[in-house]
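Each remark here refers to the structure printed beneath this line.
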Amino acid sequence: MSLKPLALFVNHDGQSSRSATTCTYKCGNACFHEVPNASAGEYFGDIVARLNRRGLLKGGAAAVLAVGAASALAACGDDTTDGTDASPSGSPGTGTGFTPVAPNTEDAVVVPEGYEQGVIIRWGDPVIEGAPQFDFEAQTAAAAAQQFGYNCDFAGLLPIEGSPDKFLLVVSHEYSTEPMMFRGYNADAPTREQFDIALASHGLSVVEVHGESGTGKLTPAFGKYNRRITATTEFEVRGPAAGSDLLKTKADPTGTKVLGTLNNCSGGVTPWGTVLSGEENFNQYFGNAETVTDADAAKKLKRYGIKGAASDRKWETFDPRFDLAQEPNEVNRFGYVVEVNPWDASSAPVKHTALGRFKHEAATIHVAGDGSVIAYSGDDERFDYMYKFVSAKKVQSGTGASAMRHNMTILDEGTLYVAKLTGDHADEIDGSGKVPAGGFTGKGQWIPLLETGADGKGKSLVDGMSAEDVAVFTRLAGDKVGATKMDRPEDFEANPKSGKVYVALTNNSNRAKDDNPGVDEANPRKLNKNGQVLEIDDDHTGTEFTWSLLLVCGDPAAADTYFSGFDKSKVSPISCPDNLAFDPYGNLWISTDGNALKSNDGLFSVVLDGDNRGETKQFLTVPKGGETCGPIITEQRVLVCVQHPGEADDATPENASSHWPDGGTAQPRPSVAVVWKKESGRIGM
Ligand code: FEO
Ligand code: CA
Ligand code: CA
């Protein structure tokens, strides 16, 4: 194993291609509600060698690092320990030598010539040995709790030590789409069984997958690590909010045990072999916010987009914990970064409150030269913020029980910061996307919000807020310190090769619209429907950074797009950047969500260094109605999660708009796909 960190229909908002069904079930119609942020805020070369000397890259941890997943490692710089890659990153064709896939609306995963593909696992496939085979017409909650969940998003691929080409595939299941899951679904009166199936279809799956000699195919297998985590699995709460009054409920007077995780979007693999997952649009699962009359409590709910009477799924009619009138604090127990140890199927997953509570798209780890751990995380909402957590503890080497115990407490002690950006050419930013001479560039500052000590107790660094307040109502803390309002910060991730950090800013059609905040240099376009990608040169453990825009996305023929100066006649159109990954050569790969250019979503490679910086090529597209998620790029394989294939306003089981992956008249099934090069070649070579 290499030691390298291979590392609708109607555009009802007139812009993104997302269907109204997707908007309702994925994010609770976040883009149609009032913007929750009404605050007045203003606008490593030798690290691997060093870690190796300390033994950090030995054993299983090193193996974990070998797969880029969305985050892992520790390793800036040139890791040539396996002798397979001494090529300069960013050389033309190094890792991006494929013929781009043209924009299309096929009901298929479309890959470049010379590549093959397969499906690894689909919604409903057995994860736990003995689970029933999927039967769309006879679903039960008991079966769903043992089968692969719905709407896969993040994927991590963790090598199993001592078993070549065998991995743990860890996948999150962001949300359920009841009108597509159940024939004759009545949204006004869902059944108890449908509610229970939905709970079981959320969460995460851990499943062993095995390679096949001569191809890149991966096949699921039953093993001792296989596990389903759902919306009813018991979690341990850690950090400053654990045990706080804000987290106490009738069912849990300790405020330390939460049932389940919700809306798990993207995530990251840690160098110590665990998986982080972001609880994103958790607001939508809670009903009867309008019964909360206390002004302060109502203000806090509103800041998190929680309002109105009944929720769309009506879960509050089945379990009082989803009813704010009966249980006002349950909602405070969601919106965290969760950590799962996939190597112990009986371990309780953890909610890390030291990293704050917001709509975490993900959390991804970078290890600084001194062993400090930085967790980067974006708050995916229009006009919300970018955060990082810097640990006080250092990573310990090895995968033994003692190191694992230590490393699983790293995210419990440290400092949480929020980002404030300024532009170098503020006078030149007019909302048109016109590029200032020298590009969109600027400086930034990390403003500390919350310091968590060795005893797990927090210290607030924000006037007028307690530590518990900052941990639970982190958005309000960001408001108070004047953090910069961004265009939906999604994946936020350091390049293992260079240490530079990238943020996908998906879109923000409300930028400079009506009374909403205007443009700034990092968010330079009015009514931004195509998004941009930010590149940060961060002092990882410090408080200063510089930044530039790598891409301003959209149709390359349009004047308001920018590809770092690369010839725009030679790039693929890209819209709504969402998830990020890095290949073994240091190229950035971007998956998209909601393509506003009338093509299916896709996966793109972007060269970061050298003469071809900015070269952007579409590697694959996903079936119609689907979103490309969870990309993993290794030397041998590309994995993507195909989320919500066929999701369209009028799509029902009787009127399916996609039949992927099974074809014929089959119902669409969210699934994980794998792509490999014929003749077992290296990806992109
Ligand atoms: Fe679940 Fe921000 O996408
Ligand atoms: Ca996402
Ligand atoms: Ca998304």
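Each ligand, and each atom within it, is numbered from 1 in the order the structure gives. None of the values given here were measured: they were computed from a predicted structure. The basis for the numbers below is simple: all heavy atoms, side chains too, and nothing from hydrogens, waters or symmetry mates.
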Below 3.0 Å, any N, O or S contact between Asp578 and the Ca ion (ligand 2)?
yes
Under 2.8 Å from atom 2 (Fe) of ligand 1, can any N, O or S atom of Asp593 be found?
no
ang(OE1 Glu280, atom 1 (Fe) of ligand 1, SG Cys265) rounded to 10° is 90°
Quick check: does Glu627 put an N/O/S atom under 3.0 Å from the Ca ion (ligand 2)?
no
Are Asn523 and Gln532 packed together at the side-chain level, in the sense that at least one heavy-atom pair is separated by less than 4.5 angstrom?
yes
Do Asn530 and Thr561 have side chains that approach each other closer than 4.5 Å (heavy atoms only, starting at C-beta)?
no
Please name the atom of Glu361, restricted to N, O or S, that is closest to atom 2 (Fe) of ligand 1.
OE1
Determine which of the N, O or S atoms in Glu174 is closest to atom 1 (Fe) of ligand 1 and give its atom name.
OE2
Angle at atom 2 (Fe) of ligand 1, OD2 of Asp380 to OE1 of Glu490, rounded to 10 degrees, please.
100°
Hey, does the Lys NZ or Arg CZ of Lys351 hover above the aromatic six-ring of Phe235, less than 6.0 Å from the centre and inside 45° of the axis?
yes
Using the test side-chain hydrogen bond (donor to acceptor under 3.5 Å, both in side chains), find all partners of Trp660 that sit at least two apart in sequence or belong to another chain.
none
Taking side-chain hydrogen bond (donor to acceptor under 3.5 Å, both in side chains) as the test, write out the residues that go with Gln117, two or more places apart.
none
Which atom, counting only N, O or S, brings Glu490 closest to the Ca ion (ligand 2)?
OE1
Cation-pi check for Tyr376 against Lys388: NZ or CZ below 6.0 Å from the six-membered ring centre and within 45 degrees of the axis, yes or no?
no
Using 0.5 Å steps for rounding, measure from the CG atom of Asp555 to the CD1 atom of Ile574.
12.5 Å
Could you tell me which N, O or S atom of Glu361 is nearest to the Ca ion (ligand 2)?
OE2
